[in-house]
Amino acid sequence: MDLFSPVTALAGIGPSRAKQLAGLGIESIYDLIAYFPRTYEDRTRLVAISQLEPEQPACFEAMVIRAPQTSHIRKGLSLTKLTVADETAKLNLVYFNQPYTAEQLRYGESYIFYGALTGDYARYQMQNPSFESPNQPGVVTRRIMPVYSLTAGISNKLLSRCVHQALDACLDTLPDLLPQWVQAQYGLCSVREAYAGIHEPASFECLEAARKRLIFEEFFLFSAGLQLLRSRRTQAAAEPCGDLELTPFYAALPFSLTGAQQRAIGEIAADLGGSTPMNRLLQGDVGSGKTMVAAAAVYLAVKNHRQAAFMAPTEILAGQHFQSLSRLFAALDLPCALLTGSTPAAEKRRIKEGLADGSIPFVVGTHALLTGDVAFRNLGLVIADEQHRFGVAQRATLAGKGRSPHLLVMSATPIPRTLALIVYGDLNVSVLDELPPGRQTVDTFLVGESMRPRINAFIRKQAQAGHQVYVVCPAVEESETESLKSAEVWADALQRAVFPELRVGLLHGKLRPAEKEQVMGAFARHDLDLLVATTVIEVGVDVPNATLMVIENADRFGLSQLHQLRGRVGRGKDKSYCVLFTDNRNPDTLARLKALCKTNDGFQIAEEDMALRGPGDFFGSRQHGLPQFKAASLTQDVGLLKQAREAAETALADPDYVRDPSFPALQARIQVLFRDAETTLN
Ligand code: ADP
Ligand code: MG
């Protein structure tokens with residue numbers, strides 16, 4: 001049995017329990033010990049009965065002064081009552097359907113209980129409190145209780161027991177991934193103390209030390225993983241591009257580029273002309289014209305006999321890019337192909353052959369480009385659009401199909417520079433801080449429920465004028481089903497009760513990719529007038545005929561996210577509008593939302609958002625393309641991230657460390673951390 005053995009290797013965990021655990025993403029013994037509690041209950045303090053607060057669970061010691069008596073209320077419901085007391089007060093305890101448990105409580109004996117008062121003042125009672133003898137070590141009382149996220153069939157008690165077993169089985173052999181000097185220098189506890197302390201903390205100090213160590217370790221792994229990925233890429237030099245002439249490209253464009261676009265293209269051209277592979281982030285507000293900057297890079301790469309690959313996060317986006325780019329490149333006599341999951345098999349084969357023999361110099365695609373059987377003759381440029389949707393490792397996988405290709409990642413989410421540096425390392429940044437001329441601003445209104453009839457009339461008017469409308473409902477982070485339901489229920493209500501004459505569609509994250517594509521396709525073809533959606537439409541969708549964006553519960557979104565959503569309209573020639581619904585009366589919230597009505601400048605909004613909410617929004621969402629951290633938070637633990645990155649850099653720079661026997665264990669854990677990113681990091 002080792003750390004990565006399946007949970008069934010533990011005594012008492014059979015196939016059916018393993019299946020339940022798998023529902024929590026727990027498959028190996030390591031997964032169990034790395035399944036950290038969601039929160040903790042402080043059961044360390046004993047209070048007097050008279051000090052108990054209603055609805056606030058607490059521990060107290062009391063003697064049974066009236067023995068348990070069970071009555072059967074009706075079939076299937078029994079009630080066991082008893083009374084306990086300490087020197088301050090008496091208290092009635094009630095157990096439902098637990099006659100055996102309750103009758104373990106013996107008259108005249110004292111126990112430690114844990115529970116919360118319910119009922120009215122003067123008639124307080126306590127239902128189903130846990131208890132144990134004061135002579136036993138505390139299991140459910142007098143300790144800090146871990147509280148785990150659970151799934152059907154698994155109780156907190158059961159999960160705690162499984163974790164305890166896993167700890168027993170592997171704690172002694174747990175490899176220490178952090179070099180000794182790192183632990184000493186940064187004041188970290190041992191790996192044993194960390195895992196024991198996070199699950200079964202003896203004190204809040206132990207818990208804090210455990211958390212610090214685990215966060216540090218996770219960031220260390222993360223930083224080391226990124227560095228290993230990066231060093232694989234940058235070790236080899238790129239062959240400089242000699243021909244950087246762009247005149248024919250400019251001549252083929254239907255418009256002249258903005259100053260910002262030209263500046264960014266200049267920076268990219270300089271990178272391509274050098275021998276260090278480009279590693280550049282192109283940041284630009286929604287509609288700032290990032291695609292054309294990417295096109296210039298593709299043009300230069302192909303002109304210099306390299307192949308280029310352009311990866312988009314969805315089929316819809318890939319299709320849109322392909323459409324606009326293939327038109328442009330046709331004028332330049334530069335063939336290009338579209339490769340996605342739904343490309344027909346024969347076509348796929350033809351494209352793969354063309355990429356392998358080099359006859360197709362440029363491909364636009366989705367994750368389909370990442371599969372093992374896609375090979376390039378000479379991949380020299382990799383572009384990832386909407387970079388926050390891709391895992392770091394996914395980009396690396398694509399880049400790995402070439403020899404040190406140039407890398408350009410694009411994002412409409414302005415990332416604070418300090419965080420970008422930490423996460424992306426030596427990334428260079430180009431900024432498009434200017435919109436193409438003639439772009440109109442989207443008029444934005446903040447309204448309350450009282451405006452509902454007028455807004456509905458406005459929606460109808462837009463639709464009658466032949467335009468389309470988005471209605472976005474909030475995705476509730478904690479509960480996917482809740483958000484799903486709200487969009488679903490809302491779409492249904494709008495279709496039936498409000499707009500029976502309009503064609504209403506529904507788009508949410510729970511749909512399968514093919515279904516999503518289908519709904520988006522229908523909206524793009526104007527087969528739908530109104531699209532009710534969760535934030536899945538946030539990224540890059542381009543339907544110029546959509547002129548109105550209505551956002552429900554706008555206070556539930558971050559400003560940058562609202563700005564992204566608003567960017568879905570105002571993409572055509574028609575005047576466009578954004579309506580933010582909220583009934584929130586909090587002055588801070590309203591001030592935040594009003595900022596959005598005042599400006600259309602995404603960077604200004606991002607700064608405002610940062611000032612108001614901290615950097616959380618940028619990396620807080622699930623769509624950041626970074627590993628899922630178990631202990632760490634990129635928002636709250638930036639200080640530790642800096643230290644861990646520094647430590648990882650120093651460690652990896654030491655050739656002895658890489659030869660250290662603990663190094664394979666480190667690599668194995670990096671694999672696990674990046675597991676979702678579908679790649680290997682040897
Ligand atoms: P984003 O930065 O959001 O990806 P796009 O690249 O999709 O923006 O560009 C948005 C729209 O603006 C596209 O229709 C594109 O053709 C157009 N566009 C890009 N650059 C210019 C320009 N310099 N002048 C006019 N229109 C432009
Ligand atoms: Mg774009």
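Note that the structure is a prediction, hence the values are computed from the model and not measured. When a ligand or atom number is given, it counts from 1 through the structure's own listing order.
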- Enumerated ligand 1 atoms positioned under 4.0 Å from heavy atoms of Thr258: 23 (N)
- Does a donor on one side chain and an acceptor on the other come within less than 3.5 Å for Glu267 and Ser430? yes
- Message: Using the rule given for salt bridge (Lys or Arg N to Asp or Glu O under 4.0 Å), can you reason through Asp385 versus Lys290, listing the C-alpha separation, both sets of side-chain angles and the distance that settles it, and then say yes or no?
- Response: CA-CA 9 Å; Asp385 193 20; Lys290 293 185 288 295; 6.0 Å; no
- Message: We want to know whether His467 and Asp529 form a side-chain donor-acceptor pair, criterion being a heavy-atom distance below 3.5 angstrom.
- Response: no
- Please verify whether a non-hydrogen atom of Val293 lies at under 4.0 Å from ligand 1. no
- Based purely on interatomic distance, does Gly289 place a nitrogen or oxygen under 3.5 Å from a nitrogen or oxygen of ligand 1? yes
- Message: Can you check atom 14 (O) of ligand 1: any protein non-hydrogen atom closer than 4.0 Å?
- Response: no
- Message: Between Glu315 (side chain only) and Ser342 (backbone N and O only), is there a donor and an acceptor less than 3.5 Å apart?
- Response: yes
- Note on the structure: Nearest heavy-atom approach of Glu245 to Lys303 is O-NZ, 2.8 Å
- Distance to 0.1 Å, residue and atom name: give those for the protein heavy atom nearest to atom 17 (C) of ligand 1. Arg439 NH2, 3.8 Å
- Message: If we only consider heavy atoms of Gly567, is any one of them less than 4.0 Å away from an atom in ligand 1?
- Response: no
- Query: Should you measure from each heavy atom of Thr291, which atoms of ligand 1 turn up under 4.0 Å away?
  - Reply: 4 (O), 5 (P), 6 (O), 7 (O)
- Item | Gly287 to ligand 1, any heavy atom closer than 4.0 Å | yes
- Going by an N to O cut-off under 4.0 Å, is there a salt bridge joining Arg263 and Asp433? yes
